[in-house]
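Here's the structure, in structure tokens; my notes come after.
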Amino acid sequence: MRTYLLAIFGLLLSFSGLQAQNSADCRSAIPVCADAPILSFADGSGDIDDFDPDVIRQSGCLEKGSISSANIENNTSWYVFRAGTNGQIGFDIEALSDTAEWDFALYGPDVDCGEISSGSAQPIRCNYEVNETSFTGLGVNPENGEEGRPFLKGSQNTYDEWLNVQQGEIYYLLINNYNTNFDGDPEPFSLTFTGFSVDQNQDTALDCTLRDEFLGLDIVACEGDPDIVLSALNSPAGPNIANVTWSVDFDDDGTIDQVLASGPAETTLTVASPNSGRYFVSIETTLATTITDDILITFYGIPVLDRVDILSDLSDSNNIEIFVQGDGDYEYAINGGEFQDDAVFRDVPPGENTLVINDKNGCGTTEPIPFLVVGYPKFFTPNGDGIHDAWNVLGIETLSDPVIFIFDRYGKLLKQIDETSIGWDGTYNGRPMPSSDYWFRMEYSRDENGVLVANLLRSHFSLKR
């Protein structure tokens, strides 16, 4: 958006006390409400790791509109708001300098920063166009009366459509300055919420209690992510801070483990990976009041497989359950199939399989992990074609002292095999046995908590010719 030089002295006076600190990190987005305009300054390039440019540029309005080389994040600000009522919401972003060119992307409802950064959550409203106006936003441009339209790449629309919201829905707003003034100074802008809901009651259109959570919403991050900066400057105390105390409950069990910092100048706290915990701030004001807030920060690592348990021990259905070290939010896929949330898989083929574990918080996916299911084929075809010519228990080499006895339907013993055998070739005394069902009994031992326990299995399979 191309801007004009504005006389802003009166605006600065009327907005005094409403200045907001800037957060260039989605994870510490600033909670806002609709009861007053927000005057802010965007400085810094933002946390570039909020986005993977190679992913984001492939879809959605962050393709840069009409300028493919534009910056996804440059002099950015992140805000979060919660709908207070069902209705219609818009907003005006106004440039308060002649060098800025503001863009925005709105995400929601109810997505998190991990989904935003991975590109799995696309913006629902967006404007990354070059526009000859000092405003951009949702609804109607107050400068020229242009009504918002659906996003269209290269259209140079100044405004997108109104947003219809449901009470309680949470949205993240990225405000981005594509341009730069080349002097390193922060660029000012104002954010004003509009729309039918605001016209009805600006105090309830957005849930203003969200501002009481001035540290932001709980954060899920990945081990190795950039540091997270928490700020007391976004609290209702504003500049009236006499003292700030930071503390942490690492286990989130209700017990404070450590006071991290205390003093009038300790207005921010940097949390580095992998220090998960619930962080608290207590602000003593010059007005003899105390303001508090807390936030839970959880760092997750790349999934690590603990074990694969076979639930149906050598039965007709090979069912397994997967156990992962850690308490992330995982999904699983075996043998190149679709991911599922359930850690239990049914009817897994006997023999060697592969497992992939994905952390749904975006913290990593394992390489295919081989695992062995001890089981047996339901049939074999000893016809000399090299395919299913012998029958054996797959994974038998993982058992202790296995012995298999094969019988015909009348109980006659036909063959005895163990882990050193290639299996039964379908003959008895050199004579091919007919197509039929055959039974087997397998005796083996398994290690249960260091104790070898004898096991016995009886089942059947088919010979087909």
Side-chain angles (χ1 to χ4, degrees), residues 305 307-323 332-340 342-357 366-448 452-465:
L305 176 66
R307 67 186 190 277
V308 177
D309 281 359
I310 298 179
L311 303 179
S312 47
D313 186 21
L314 292 173
S315 72
D316 286 343
S317 298
N318 298 316
N319 302 332
I320 66 167
E321 184 172 7
I322 299 161
F323 293 87
Y332 315 89
I334 65 170
N335 301 327
E338 297 292 327
F339 280 103
Q340 66 177 49
D342 191 353
V344 174
F345 285 83
R346 305 186 185 282
D347 298 319
V348 178
E352 185 172 286
N353 296 266
T354 59
L355 165 68
V356 174
I357 308 170
T366 65
E367 294 294 323
I369 304 168
F371 68 94
L372 194 64
V373 170
V374 177
Y376 62 91
K378 305 303 186 293
F379 68 92
F380 77 120
T381 57
N383 55 14
D385 65 355
I387 303 174
H388 305 307
D389 280 337
W391 182 94
N392 203 348
V393 170
L394 304 177
I396 188 175
E397 68 276 6
T398 67
L399 303 175
S400 298
D401 305 320
V403 181
I404 301 171
F405 304 92
I406 299 174
F407 306 88
D408 66 12
R409 58 191 302 179
Y410 304 106
K412 181 178 181 178
L413 178 64
L414 304 177
K415 184 71 172 179
Q416 176 178 327
I417 59 178
D418 58 25
E419 73 273 19
T420 65
S421 172
I422 63 170
W424 182 43
D425 63 2
T427 65
Y428 175 65
N429 289 335
R431 224 179 48 241
M433 299 301 293
S435 295
S436 182
D437 283 348
Y438 293 85
W439 293 83
F440 72 93
R441 182 180 82 240
M442 184 169 76
E443 300 170 358
Y444 67 102
S445 301
R446 64 184 300 170
D447 190 333
E448 296 182 5
L452 283 178
V453 178
N455 284 261
L456 178 66
L457 171 71
R458 291 185 177 92
S459 193
H460 61 90
F461 60 94
S462 297
L463 186 158
K464 297 181 180 181
R465 293 193 183 275

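Figure legend: K378 and F461 shown without cation-pi pairing, the cationic atom not lying both under 6.0 angstrom from the six-membered ring centre and within 45 degrees of its axis.
Side-chain contact, S459 with Y376: a donor N or O sits under 3.5 Å from an acceptor N or O.
With a 4.5 Å cut-off on side-chain heavy atoms, I406 and L413 do not count as touching. Contact annotation: the side chain of L305 never approaches that of R307 to less than 4.5 Å [non-hydrogen atoms, C-beta and beyond]. A 4.5 Å side-chain heavy-atom check between N392 and I417 finds at least one atom pair inside the cut-off.
Evaluation of the salt bridge (charged side-chain N to carboxylate O under 4.0 Å, His left out) test over residues 409-420, restricted to residues two or more places apart or in two chains, returns none.
Under the 30°/60° scheme for interplanar angles, the aromatic rings of Y332 and F345 are found to stand perpendicular.
With sequence neighbours excluded, no residue satisfies ring pair (Phe, Tyr, Trp, His ring centres under 6.0 Å) with F405. Evaluation of the side chain to side chain donor-acceptor pair (under 3.5 Å) rule for D389 yields no partner, not counting sequence neighbours. Under the side chain to side chain donor-acceptor pair (under 3.5 Å) criterion, R441 pairs with E443, sequence neighbours left out. For D408, there are no side chain to side chain donor-acceptor pair (under 3.5 Å) partners, not counting sequence neighbours. Judged as a side chain to side chain donor-acceptor pair (under 3.5 Å), and not counting sequence neighbours, the contacts of N353 are N335.
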Residues 422-433 side chain polar contacts: donor-acceptor under 3.5 Å, at least two apart:
residue	atom	partner	partner atom	Å
W424	NE1	T427	O	2.8
D425	OD1	T427	N	3.1
D425	OD1	T427	OG1	2.7
D425	OD2	T427	OG1	3.4

Check against side chain to side chain contact (heavy atoms under 4.5 Å, CB included), D309 and F323
CA-CA 8 Å; D309 281 359; F323 293 87; 3.5 Å; yes
* Derivation of the side chain to side chain contact (heavy atoms under 4.5 Å, CB included) call for I322 and L355 -> CA-CA 9 Å; I322 299 161; L355 165 68; 3.4 Å; yes
### Task
Please step through side chain to side chain contact (heavy atoms under 4.5 Å, CB included) for the pair I334 and V348, ending with a clear verdict.
CA-CA 9 Å; I334 65 170; V348 178; 4.0 Å; yes
**OP:** Go through F339 and V356 one step at a time and tell me if the side chain to side chain contact (heavy atoms under 4.5 Å, CB included) criterion holds.
**Re:** CA-CA 9 Å; F339 280 103; V356 174; 3.8 Å; yes
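In this structure, T381 contributes its side chain and I387 its backbone to a donor-acceptor pair below 3.5 Å. Side-chain N or O atoms of R465 include one that pairs as donor or acceptor with a backbone N or O of P382 at under 3.5 Å. For W391 (side chain) and P377 (main-chain N/O), a donor-acceptor pair under 3.5 Å exists by modelled atom type. The backbone N or O of I357 sits less than 3.5 Å from a side-chain atom of T366, completing a donor-acceptor pair.
Atom CZ of residue R458 and atom CH2 of residue W439 lie 10.5 Å apart, to the nearest 0.5 angstrom.
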